[in-house]
Every structure is written in C-alpha cells, then in structure tokens.
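Below, each value reflects all heavy atoms present in this structure, side chains not excepted, and no hydrogens, waters or symmetry copies. Residue numbering restarts at 1 for every chain, and letters A, B, ... go by the order of the sequence lines. All figures in this text were calculated on a predicted structure; none of them were measured in a lab.
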2 protein chains.
Amino acid sequence: MKDAPRRRPRQSDIAKLAGVSQTTVSIVINGRESDTIRIPPETRRHVFEVARSLGYVVDPVARSLAGGMNRLIGVYTFESMFPMDHHDFYYPFLVGIEAAAEALGYDMLMFTSATGSDGSRSIYRDGVNRLGLADGCVLLGKETNRDDIVRLRDEGFRFALVGRRDVPGPIAYVTADYASATAQVVDHLVGLGHERIAYLTAADPSEPSADRDAGFRAAQSRHGLDTDGLVLPVRKEDGPSAEEVRRLLAAGATAFVAHESVVALRLLGLLEGMGVDVPGACSVAALSDPPHDVPGPELTCFRIPGREMGTRAVELLVRQLESEEEVEPEAVALSCTFVAGQTSGPNRKES
Amino acid sequence: MKDAPRRRPRQSDIAKLAGVSQTTVSIVINGRESDTIRIPPETRRHVFEVARSLGYVVDPVARSLAGGMNRLIGVYTFESMFPMDHHDFYYPFLVGIEAAAEALGYDMLMFTSATGSDGSRSIYRDGVNRLGLADGCVLLGKETNRDDIVRLRDEGFRFALVGRRDVPGPIAYVTADYASATAQVVDHLVGLGHERIAYLTAADPSEPSADRDAGFRAAQSRHGLDTDGLVLPVRKEDGPSAEEVRRLLAAGATAFVAHESVVALRLLGLLEGMGVDVPGACSVAALSDPPHDVPGPELTCFRIPGREMGTRAVELLVRQLESEEEVEPEAVALSCTFVAGQTSGPNRKES
DNA sequence: CCATCATGATGATGCGCATTATCGAGCTGG
DNA sequence: CCAGCTCGATAATGCGCATCATCATGATGG
C-alpha cells in the first residue's frame with residue numbers, strides 16, 4: 001500500500017506540524033526544561049501528541065553524535081556470545097545484565113559485529129569502535145584485551161567490566177571474592193583434619209587465578225600448612241595425569257583443591273579408577289561453580305554470583321552515566337557461596 | 001598521566017597535519033577515488049601515514065549519520081528473554097541471529113526496556129516505538145501480538161518474524177515445516193504397523209499447532225486412519241490425566257502422538273505407572289524438539305532447526321534493508337529433522 | 001513611563017563524516 | 001592565444017539532534 005518507503009520522521013517534521021521550532025521539539029522530547037528554558041505544559045502535550053501521531057523515535061545515531069544519551073547499554077564480549085561452549089560461562093552474567101537494564105529502563109545493545117574473519121575479536125577491529133553508539137558498555141570475557149581497555153578509558157568512554165583486570169589506572173569492575181572463597185574451602189578442609197592439601201592451580205595465569213592463589217596462600221600460612229611438592233599447575237583442557245595424581249598421593253596428600261570444576265571432576269574419575277575412595281580416603285574440592293547437570297556426588301566448591309555480578313556491573317555503569325560530575329571508577333567484589341558438597345570428609349589418615 | 005581525556009583524532013586533524021582538506025582525507029580513507037576525483041598515490045600514502053601516526057579510527061556514529069543506516073538489527077521478544085523458563089525456547093534462535101548478524105556486520109540491539117511495570121510487553125508501550133532505533137527488527141515470541149505486527153508493517157518498519165503468524169497482508173517470516181515433520185512422524189508409526197494413533201493436540205490454538213494439526217490430518221487421510229475418539233486437546237502445563245490415557249488405551253490406541261515433548265514425557269510416566277511397556281506395548285512420539293537433559297529413553301520426535309531459523313530471519317531482514325527498491329516480504333519454511341528415538345516400536349497388537 | 005524581570009520560546013552552531021558541485025592550474029591542439 | 005581538457009583537489013552542504021546564546025512579549029514596580 002505504501003510504495004514510498006516513507007522516511008523516518010524527524011524532529012523538524014514534528015516541529016512543522018506542531019508549529020514550533022525543532023529546538024522546542026528536542027527540548028520537549030528530552031524533558032530538558034530548566035530555569036532558563038521553559039515550555040508550558042500545553043505546548044509540551046501538543047508536541048508529544050504530534051510526535052506520537054507520526055510515530056517518532058529519536059535517531060540514536062544523530063543523538064550520539066550530538067552528545068546525547070540513548071539509554072542504551074552496550075554489551076561487549078571478547079568472545080562470541082552464544083555458541084554453546086561459551087554459553088554456560090556468559091549466561092548468568094547476561095541474565096543479571098538484562099534484569100538490571102530492564103529495571104533501569106535501558107536497552108541492551110549487543111556488539112556482535114566486531115568479530116573478524118578469523119573469529120578473533122577486538123573492540124578496535126578494523127580501527128572502528130562501534131561501542132560509542134551505546135551510552136556505556138559492560139565488557140566481559142575471559143580473553144580480555146588489556147590494550148583495548150586502556151584505550152577505551154583514555155578516550156573517555158564509560159564502561160564496567162565483569163571480572164577483575166589488572167590494568168594501569170582505575171577502571172570500574174565487578175568481581176567475585178575468589179580469595180575469601182578459596183580460603184573458606186581450605187578452612188573447611190583443615191577443619192576436617194586435613195594437613196596435606198594438594199593444590200591444582202591454573203597453568204595459564206589470569207586475575208581470577210591469581211586471586212585464588214592469593215587466597216590459598218593466605219589460608220595456608222594462617223594454618224601453617226606445608227605444601228612442599230603439593231602444588232601442581234594444570235591446564236583446564238588436559239586435567240591432571242594419573243601419574244601426577246599418584247605422585248601427589250605419594251607425597252601425602254589427603255585432600256585436593258582444584259581451580260576448575262572440570263579438573264576436579266577429572267580428578268574424581270582418576271581417583272575412582274585407582275580405587276581411592278572419595279571422601280573416605282581422600283577429599284576433593286573445586287574453586288569455582290559446581291558443574292552443570294553432571295551426575296555424581298555433589299562437589300565441594302563455591303558458587304560464583306554471576307547474576308549479581310552482571311547486575312552490579314550495570315549499576316556501576318549507570319551510576320557513571322547518570323551523574324553529572326566525573327565519578328571515580330569503582331571496584332566491587334561480591335561474595336561467593338560455599339557449597340559443602342559430598343566430596344570432602346574427615347581425614348582418616350593420621351599425620 | 002592524562003587528565004585531559006585526549007580527544008580522538010578526527011579527519012580534520014589529519015587534514016591539518018597533512019596539509020590537505022578534510023574532504024581529501026575522507027576520500028583517501030574510504031578509497032573513494034573515481035573518474036571525476038583522483039588522489040595521486042603519493043598524497044594518499046602521506047595521508048595514510050599521518051592517520052596512522054595519530055591513531056585515527058573512523059567514528060562509526062558520524063559515518064552512520066552521514067550515510068543513513070546504523071547497521072543495527074533489533075531483536076524483540078514478546079516475552080522477557082533471559083529468565084530460565086524462556087531461555088530454552090529462545091536460545092537456538094538467538095544463536096542463529098547472532099551468527100548471522102555477526103557474519104553480515106550488524107550489531108544486535110536487544111529490546112529489553114519495553115517491559116511494562118506489570119510485566120507485560122508491547123512494542124507500542126507508551127505509544128513510542130523504540131524499535132525504530134534499529135534499522136530493522138527480528139521479532140520472536142510465543143505470544144505475538146498481532147495488532148502490533150500489523151501496525152509495525154503499516155508504518156513501513158522493516159522486520160522479520162521467527163515463526164509463522166497469520167496476519168492480513170504479507171509479512172516476512174521464517175517458520176519450520178511442522179506439517180511435513182508431523183506427517184513424517186505419523187508415517188513412521190504407520191510403517192511400524194500402528195493404525196490406532198492417539199493424537200494429543202494443543203488445547204490453545206496457535207499457528208504452529210495448526211500446522212501440526214494439518215500435517216496430522218493429511219497423513220491420517222493419506223493412510224486412511226480412523227481417529228474416532230483418539231483426539232485429545234491437552235494443555236501443556238497440565239498434561240493428560242491418567243483417566244484420559246486409560247480411555248485412549250481402551251479406545252484401542254497403540255501409539256500416541258503429542259504436540260509437546262513435555263506432554264509426551266508425562267505420558268511416558270503415566271504409562272510406566274500403568275505397567276504399559278514402551279515401546280513394547282505402545283509407542284509414544286512428540287511433535288517438537290527432544291527435551292533437554294532429561295534421562296530416559298530417547299524420544300521419537302523431530303528437531304526444529306532453531307538456529308537456522310534465526311539465521312534465515314536475519315538474512316530475510318537484511319535483504320529488505322539493503323535493497324534499494326521495496327522487497328516483497330518473503331516467507332520461508334525450513335525442514336525439521338526426524339528423530340527415530342527409542343519410544344516407538346512395531347505394533348504387537350493385532351487390529 | 002521607563003527599567004527590570006519572568007515567560008516562552010527560537011536561531012545558530014557544531015558533533016564527525018560523506019558527498020556534490022566546483023575550481024584552479026597546467027597542458028594540448030587548433 | 002585561447003577553447004577545451006585533465007588532473008588534483010577543495011568549499012560547501014547536509015545527516016538529525018542537542019545546546020547555547022539570544023530574543024520578543026507582557027507583567028511588575030518604583
């Protein structure tokens with residue numbers, strides 16, 4: 001019926017129809033009344049009516065360019081968002097982000113176009129930073145690119161990270177208190193009488209790993225634990241080898257603490273294969289979320305508050321966006337929930 | 001170190017440094033040489049050098065404003081997107097949408113703010129159609145609001161639906177070929193010797209249900225099946241009652257076909273409770289995706305190509321967006337994949 | 001009756017870029 | 001010696017909006 005692909009209406013169209021100026025329309029639309037500039041309710045209503053009748057919506061691009069706000073929160077992930085393998089990781093964060101965005105009246109802009117042909121992602125891929133379309137951005141991902149982050153900040157772009165990142169200078173981020181949670185797991189094991197605790201740390205360093213290491217060391221020295229020959233870096237993809245596990249057992253380990261749940265699961269499998277009863281002869285704990293939908297005994301571990309982290313990140317961001325003055329970027333650490341589980345028990349071996 | 005949030009360099013900065021005009025910079029950056037407009041290689045190289053030295057990157061916002069499109073694809077769901085119960089439903093579509101958007105260089109704008117305080121959703125909440133922020137929109141949801149859709153179309157807004165909707169006039173949508181898939185399931189059962197097939201259809205009518213009904217009726221008449229007393233409308237939330245199942249069995253049913261997987265699962269439970277062996281004494285099939293992560297025998301059913309549907313919807317939309325002339329909205333139906341499963345077997349009962 | 005002030009607006013400008021129309025200089029050929 | 005051409009580039013304009021400075025009008029008050 002409509003062959004003329006009717007242009008989107010703009011403020012000037014409204015202005016003409018309403019018999020006012022474009023400026024007035026802009027002011028009304030944005031509720032920008034102030035002391036020096038007033039629009040009487042009647043005019044305002046009239047403008048609104050015309051706007052509705054035309055189906056007017058602000059053009060976010062123009063508004064950005066002119067320096068305005070779009071009530072858009074960007075979500076940028078350093079890896080592709082939905083593919084299955086990433087999904088379990090991102091999902092809780094996204095839930096929290098969506099909830100907060102919705103509650104605060106923002107829409108979510110998911111930046112998907114930044115992916116290069118090789119599958120890698122960079123904010124500045126091809127030199128283009130599309131993020132600016134959003135008022136601010138929540139950044140997440142395991143493989144955070146630090147250079148990108150610093151550059152973003154130096155450009156004055158507002159953002160909040162999910163996950164702590166060590167970069168020079170202040171940035172807003174939300175993390176989980178891995179150190180305390182780790183210490184709590186160790187405390188639990190020590191409380192069960194364990195003194196020789198094997199520690200399967202992450203092979204590749206990252207901030208979350210470092211936090212766990214710090215928590216472990218703190219608990220260790222607090223309890224006066226000796227960990228000689230009990231620390232083993234493990235790659236998440238490989239897990240520990242049977243040989244390594246045997247060596248740790250030979251070194252007197254009565255409990256195992258692994259960064260990754262999947263590593264703990266593999267460990268459980270190996271121990272079962274060796275005829276080592278868990279938690280009878282040996283305890284196992286993980287320093288992350290319990291695995292999803294895996295049969296077997298409930299793992300001793302802690303729950304990372306993913307949903308809350310997403311929510312808080314948005315709140316941090318919005319606070320930056322909505323305050324007039326410059327807000328010092330804030331860092332937040334949320335507590336994890338300890339899960340006692342069924343893979344840890346009292347130490348039966350006398351020391 | 002930098003308290004003056006160093007402005008990003010712009011083309012005019014390059015121009016000044018390189019001793020050329022902003023126009024020239026734009027032309028060089030965009031490779032816009034033509035017959036009427038030429039920049040000698042030397043100048044071009046010089047401009048590039050200065051640009052690099054300044055760390056120049058195009059501002060996509062400004063470029064969009066000058067160009068027209070903002071390379072944004074909206075995603076609107078008639079229900080909230082991430083809460084767990086909706087998630088399984090939406091997830092495959094989102095995967096496909098993200099992949100397509102990524103491949104075509106668009107960003108995804110997820111409309112989350114459209115939810116009213118009462119939790120209900122409407123595109124035209126408050127009379128403003130935020131969807132206009134995007135160049136076009138993919139619409140999904142079970143509870144599609146037909147009025148909204150018609151209005152959208154009449155406003156000249158470009159969109160594509162995931163899922164068929166009966167509305168007056170042409171719209172672009174992608175659906176699955178439920179009718180054929182349903183017929184295939186029936187064929188499978190008939191091939192196993194079943195003649196009395198109970199049909200648990202959906203209690204609330206919807207297009208996907210109607211498609212299945214049509215497919216069932218087609219297969220039924222093709223095979224000359226008699227379904228007297230074998231058709232039962234079932235609400236997804238309730239499932240069939242034990243009484244109803246008994247009645248169907250008494251009516252001679254040797255096989256059950258249910259729209260919903262969950263209904264089929266409940267049915268399996270009831271039959272087991274009655275001591276009816278599946279698939280020994282009786283076959284069960286569903287007309288939708290196999291349930292996720294549910295232990296037990298694999299259900300005879302079909303797989304809905306959710307991912308592909310999402311992808312195709314984006315492609316349909318982008319075709320509309322990128323073509324110069326008006327494109328007639330197109331409808332696409334994708335095939336489902338039959339899953340033989342383990343809940344159907346030969347009919348042992350002589351008829 | 002003129003200075004002052006509050007009210008209700010508006011014109012001009014710029015955000016950073018793409019595009020269109022145009023222009024000057026040098027060169028050719030008649 | 002100048003019309004006509006090519007080469008190399010540019011000034012101007014507009015995209016849709018926000019914002020700043022300004023302005024006309026009528027009321028107030030001294």
Side-chain angles (χ1 to χ4, degrees), chain A residues 6-16 18-47 51 54-72 126-133 135 155-157 324, chain B residues 5-16 18-47 51 54-72 132-135:
Chain A
R6 218 183 28 194
R7 243 186 343 85
R8 332 174 22 149
R10 345 164 209 177
Q11 293 189 348
S12 57
D13 296 333
I14 302 176
K16 229 168 290 169
V20 296
S21 71
Q22 178 261 319
T23 305
T24 303
V25 175
S26 172
I27 292 170
V28 169
I29 297 283
N30 293 291
R32 268 281 174 274
E33 276 96 316
S34 70
D35 292 358
T36 57
I37 180 161
R38 294 149 294 241
I39 311 289
E42 195 188 351
T43 309
R44 208 182 317 157
R45 241 177 309 127
H46 184 214
V47 169
L54 285 181
Y56 173 80
V57 217
V58 186
D59 181 334
V61 173
R63 184 183 261 178
S64 292
L65 188 57
M69 288 281 171
N70 280 320
R71 295 202 83 75
L72 281 184
D126 301 328
V128 185
N129 167 13
R130 291 257 304 163
L131 264 46
L133 246 191
D135 300 332
E155 280 181 2
F157 187 77
E324 295 302 315
Chain B
R6 215 187 31 201
R7 239 184 357 80
R8 338 176 13 154
R10 349 166 205 173
Q11 293 188 347
S12 58
D13 296 332
I14 302 176
K16 228 168 290 171
V20 296
S21 71
Q22 178 261 318
T23 305
T24 305
V25 175
S26 172
I27 292 170
V28 169
I29 297 281
N30 294 291
R32 269 279 173 276
E33 277 95 318
S34 68
D35 292 356
T36 56
I37 179 161
R38 293 149 293 243
I39 312 288
E42 196 188 351
T43 309
R44 210 183 314 160
R45 241 177 310 130
H46 184 215
V47 168
L54 284 180
Y56 173 80
V57 285
V58 186
D59 181 337
V61 174
R63 177 181 270 178
S64 293
L65 186 56
M69 289 267 167
N70 33 37
R71 297 201 82 76
L72 280 185
L133 286 180
D135 297 329

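Residues passing the side chain to side chain contact (heavy atoms under 4.5 Å, CB included) test with A:Arg32 are A:Ile27, A:Asn30, sequence neighbours excluded. Partners of B:Thr43 by side chain to side chain donor-acceptor pair (under 3.5 Å), not counting sequence neighbours: none found. Considering only residues two or more places apart in sequence or on other chains, A:Leu54 meets the side chain to side chain contact (heavy atoms under 4.5 Å, CB included) condition with A:Pro9, A:Asp13, A:Ile14, A:Leu17, A:Val50. In this structure, B:Ser12 has no side chain to side chain donor-acceptor pair (under 3.5 Å) partners at least two apart in sequence or on a different chain. In this structure, the side chain to side chain contact (heavy atoms under 4.5 Å, CB included) partners of A:Leu65, at least two apart in sequence or on a different chain, are B:Val61, B:Ala62, B:Leu65. Legend: residues meeting salt bridge (Lys or Arg N to Asp or Glu O under 4.0 Å) with A:Arg44, ordered by chain and number and at least two apart, are A:Glu33. B:Thr24 is linked by a side chain to side chain contact (heavy atoms under 4.5 Å, CB included) to B:Val20, B:Ser21, B:Val28, B:Ile39, counting only residues two or more places apart in sequence or in another chain. Residues satisfying the salt bridge (Lys or Arg N to Asp or Glu O under 4.0 Å) criterion with B:Arg71, sequence neighbours excluded, are B:Glu322.
Axis angle across the helix from C:dC1-D:dG30 to C:dG30-D:dC1, with five pairs used at each end and values rounded to 10°: 70°.
Within the 4.0 Å cut-off from OP1 or OP2 of D:dA9, not a single side-chain nitrogen or oxygen of B:Ser21 is found. Residue B:Thr24 has no polar side-chain atom (N or O) positioned under 4.0 Å from OP1 or OP2 of D:dA9.
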Note to self: Strictly under 4.0 angstrom, non-hydrogen atoms only: write out the protein contact profile of nucleotides 23-28 of chain C, one letter per nucleotide from the 5' end, B, S or -.
What the structure shows: ------
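Residues B:Tyr56 and B:Arg8 have side chains not in contact (no heavy-atom distance under 4.5 Å, counting atoms from C-beta outward).
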Restricting to nitrogen or oxygen on both sides, can you table the protein-nucleotides 15-21 of chain D pairs closer than 3.5 Å?
| from | atom 1 | to | atom 2 | distance (Å) |
| --- | --- | --- | --- | --- |
| D:dC15 | O2 | B:Leu65 | O | 3.4 |
| D:dC15 | O2 | B:Ala66 | N | 3.3 |
| D:dG16 | OP2 | A:Arg10 | NH1 | 2.9 |
| D:dG16 | N2 | A:Ala62 | O | 3.4 |
| D:dC17 | OP1 | A:Tyr56 | OH | 2.4 |
| D:dC17 | OP1 | A:Asp59 | N | 3.3 |
| D:dC17 | OP2 | A:Gln11 | N | 2.8 |
| D:dA18 | OP1 | A:Asn30 | OD1 | 3.1 |
| D:dA18 | OP1 | A:Asn30 | ND2 | 3.0 |
| D:dA18 | OP1 | A:Arg63 | NE | 2.7 |
| D:dA18 | OP1 | A:Arg63 | NH2 | 3.3 |
| D:dA18 | OP2 | A:Gln11 | NE2 | 2.8 |
| D:dA18 | OP2 | A:Ser26 | OG | 2.8 |
| D:dA18 | OP2 | A:Asn30 | ND2 | 2.9 |
| D:dA18 | N7 | A:Gln22 | NE2 | 3.4 |
| D:dA18 | N6 | A:Gln22 | OE1 | 3.4 |
| D:dT19 | OP2 | A:Arg32 | NE | 3.0 |
| D:dT19 | O4 | A:Thr23 | OG1 | 3.3 |

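Between B:Arg38 atom CZ and D:dT10 atom P there is a gap of 14 Å when expressed in whole angstrom units. One atom, CD1 of A:Ile39, and another, C1' of C:dT10, lie 10 Å apart when rounded to the nearest Å.
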